[in-house]
Amino acid sequence: MKMKSATVLVGVALGACLALMPCARAASTSAALDVAINKPGAKINPSMWGIFFEDINQGADGGIYAELVKNRSFEFPEAMMGWQTVAQGVGTLEVCTNDSPSVANPHYVRLTKDTPEGAFGIENEGFRGIGVKAGSRYDFSVMARIVRGGPVKISVALISAKGRVLDQARCQEVTMGWQKTTCTLHPAATDPKARLRVSVLGEGVVDLDMVSLFPHATWKGRPNGLRADVVQLLADLKPGFVRFPGGCIVEGRDLANRYQWKNTLGDPSERKLIINRWNTEFKHRPAPDYFQSFGLGFMEYFQLCEDIGAEPLPILNCGMACQFNTGELVPMDRLDPYIQDALDLIEFANGPVTSPWGAQRAALGHPAPFNMKVLGVGNEQWGPQYVERLARFTSAIKERYPGIQLVCSAGPDPEGEKFDFLWPKLRELKADLVDEHYYRPPDWFLKNDHRYDNYDRNGPKIFAGEYAAQSVATCSPENRNNLQCALAEAAFMTGLERNADVVRMASYAPLFGHTEAWQWKPNLIWFNNLSAFGTPNYYVQKLFANHRGDTTLPVVLRANDAVFDKLRVSAVRDTEAREVILKVVNTGVQSCEIQVNLTGATRYEHKAQTWTLTSSSLQNENSLEKPMLIAPVEEKVKIQAPTFKYTFPSYSLTVLRLRVR
Ligand code: AHR
């Protein structure tokens, strides 16, 4: 006899009575599920299912940030990385820093052309190529000035991987002082690996900086915007929150390279470039050209949240560099500027336009507050050094902004020494939300769906801030986004949902991976330079977030041990829609007919709707070629509520919605 805890889920082995139950097919198993509609449980946080954003795997630069030119302002330590010179005439190139148009990013290139004939220029390789689509418009811009000679014009061309000119255009004549000059391109063919050629025509000396190419059709047409296809995938998730900007990049390898939100505002050319922590992290996946331009900065993150209806959840450095790297600590007597950054961020997000940071937000085009409610202090920190820094942050923030909820780290693992050390301390500090991370094998997720059944209901709440089933080993390059991992996560998520009184937020991690430029696997969404697709894991997130409901309902599952072990269930109510939502995960090789018994409603409708995510093998995955191999299939079904039988396919997650009164 299996008896799981308390009110949320009770599993009872059916034993002998199973033999009496008719099976739909010989290969099918059976079980019974009771859902008590008249016994509503916890209120679910409307923002419960969210997303974790980090610039890892080329997630921001070369990813969602739509800039197509790599090293656009020549600030990489190797100033010409990503560039090469192209001479169809005579010319020389030098990298300069004096009298630059940008204070924060001082490097630019000087092109000297000693003859009026031909062209001399530079070519950018983009982020593993430049993805362009036939018929689409691309907006080119460059900061340019003429130093000597002239008249000089700038010619711009998109060159295909095979060397064909896809389109070319000329910008306005270059002037004496630094000026932004622009033109548009309409490539004749689609190419994932085009190059951008910028050439000088005429005789003279010309300086170039901030060479930029954007698709015109960014998300919502915003300048300095985001890739529309990728943001659409995020919007489709209907995420409750976006946690940004990471992840370990918040911490940096050392404090000099930590994420500093104030450096990411305003004119993109004045956002100081730094190395991305993932540039050197894995010897087996070196990424020497991975830097953070911060073109996607805090203002853009807040705007993204607003655009897709998600709560902003920024995470800030707490005076500690990544403990997997240098673990550099800011001394306690020099922590104040870090705390001030947090206080200023709250004012930036929420303050009136009359406050200094509220005024900055307004000056950047957003007078209305962003209404931020939650803020993270430190990413994945541990040890006494974290606790003492967190304590200082907590008292300063709570004193000034008692309404802001703070997310605190429980370290990198969901158990063990670091975890056990931190939890009592976080309890003492009266942490609002504790961020637990679980990068574990699929089996761990299946075994841990009851993890929160017996958690202390009076202590800090849980933010399941980073989780993903690892098919081989934690962040192994061989990890797969297969159905097995997706269903394991779904199984675990039924447990999070049943415990929605204590688990208030959850997000899969990491979010993005470029198919040719990743460091870490698995990831929720994969893309190349032209298209993007959701993994089965993505569709699990989507099904939970799109069908979140507002109140938990108690469920009792009855089956024999073997069947019981393969099934995970949760039920919630959507009060406004007057619907009950069941989520059933069947990890077994056999389909399972479940007799569902709803109790406590006065009227039931017989029309229901289901979304089923399944595939023939647990090893199946989606890909660029078959992006929807595993995707939810929606169906309208008739059921004989309040008691009906429904067959849940093998290897599946099913969401079943039915109307009740
Ligand atoms: O999600 C990838 C990394 O995993 C994050 O940057 C970090 O927080 C965790 O170790």
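Side-chain atoms of Q323 never come within 3.5 Å of backbone atoms of G327 as a donor-acceptor pair (strictly under, hydrogens ignored). At distances below 3.5 Å, not a single donor-acceptor pair connects side-chain atoms of E347 with backbone N or O atoms of S355. Put simply, the side chain of N481 gets close to the backbone of N523: a donor and an acceptor are under 3.5 Å apart. The backbone N or O of S293 lies less than 3.5 Å from a partner atom in the side chain of D61, making a donor-acceptor pair. Of the possible donor and acceptor atoms, none in the side chain of Q58 sits under 3.5 Å from a partner among the backbone N and O of A517. A donor-acceptor pair under 3.5 Å is absent between the side-chain atoms of N263 and the main chain of R271, judged by distance alone. N45 places a side-chain N or O within 3.5 Å of a backbone atom of R504 that can act as its donor or acceptor partner. Put simply, the side chain of N279 gets close to the backbone of P288: a donor and an acceptor are under 3.5 Å apart. T552 contributes a side-chain N or O that, together with a main-chain N or O of A42, makes up a donor-acceptor pair within less than 3.5 Å. Under a 3.5 Å cut-off, the side chain of E466 and the backbone N or O of P510 do not form any donor-acceptor pair.
W219 does not carry R227 over the face of its six-membered ring by the limits of under 6.0 Å from the centre and within 45° of the normal. Taking the ring centre of W518 as origin, the terminal cationic atom of K521 falls inside the region bounded by 6.0 Å and 45° from the ring axis. Cation-pi geometry between K583 and F544 is met: under 6.0 angstrom from the ring centre, within 45 degrees of the axis.
Between L335 and R389, some side-chain heavy-atom pair lies under the 4.5 Å cut-off. Between F244 and W261, every side-chain heavy-atom pair lies at or beyond the 4.5 Å cut-off.
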inquiry  = With ring pair (Phe, Tyr, Trp, His ring centres under 6.0 Å) as the criterion, how do W520 and Y439 come out once you've worked through the C-alpha distance, each side chain's angles and the decisive distance to 0.1 Å?
reply    = CA-CA 12 Å; W520 179 296; Y439 294 105; 5.2 Å; yes
task = Tell me, with the steps shown, if D432 and K461 meet salt bridge (Lys or Arg N to Asp or Glu O under 4.0 Å).
result = CA-CA 6 Å; D432 297 313; K461 304 292 184 209; over 6 Å; no
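Taking the six-membered ring wherever Trp is involved, the centroid distance between the rings of W278 and F324 does not fall below 6.0 Å.
Residue K398 qualifies as enclosed at atom NZ: its count of foreign heavy atoms under 6.0 Å is above 12.
Only one option out of Y301, F294, F214 pairs with Y65 in a ring pair (Phe, Tyr, Trp, His ring centres under 6.0 Å); it is F214. Paired with Y438 under the rule ring pair (Phe, Tyr, Trp, His ring centres under 6.0 Å), one option of W444, Y508, F419 passes, and it is W444.
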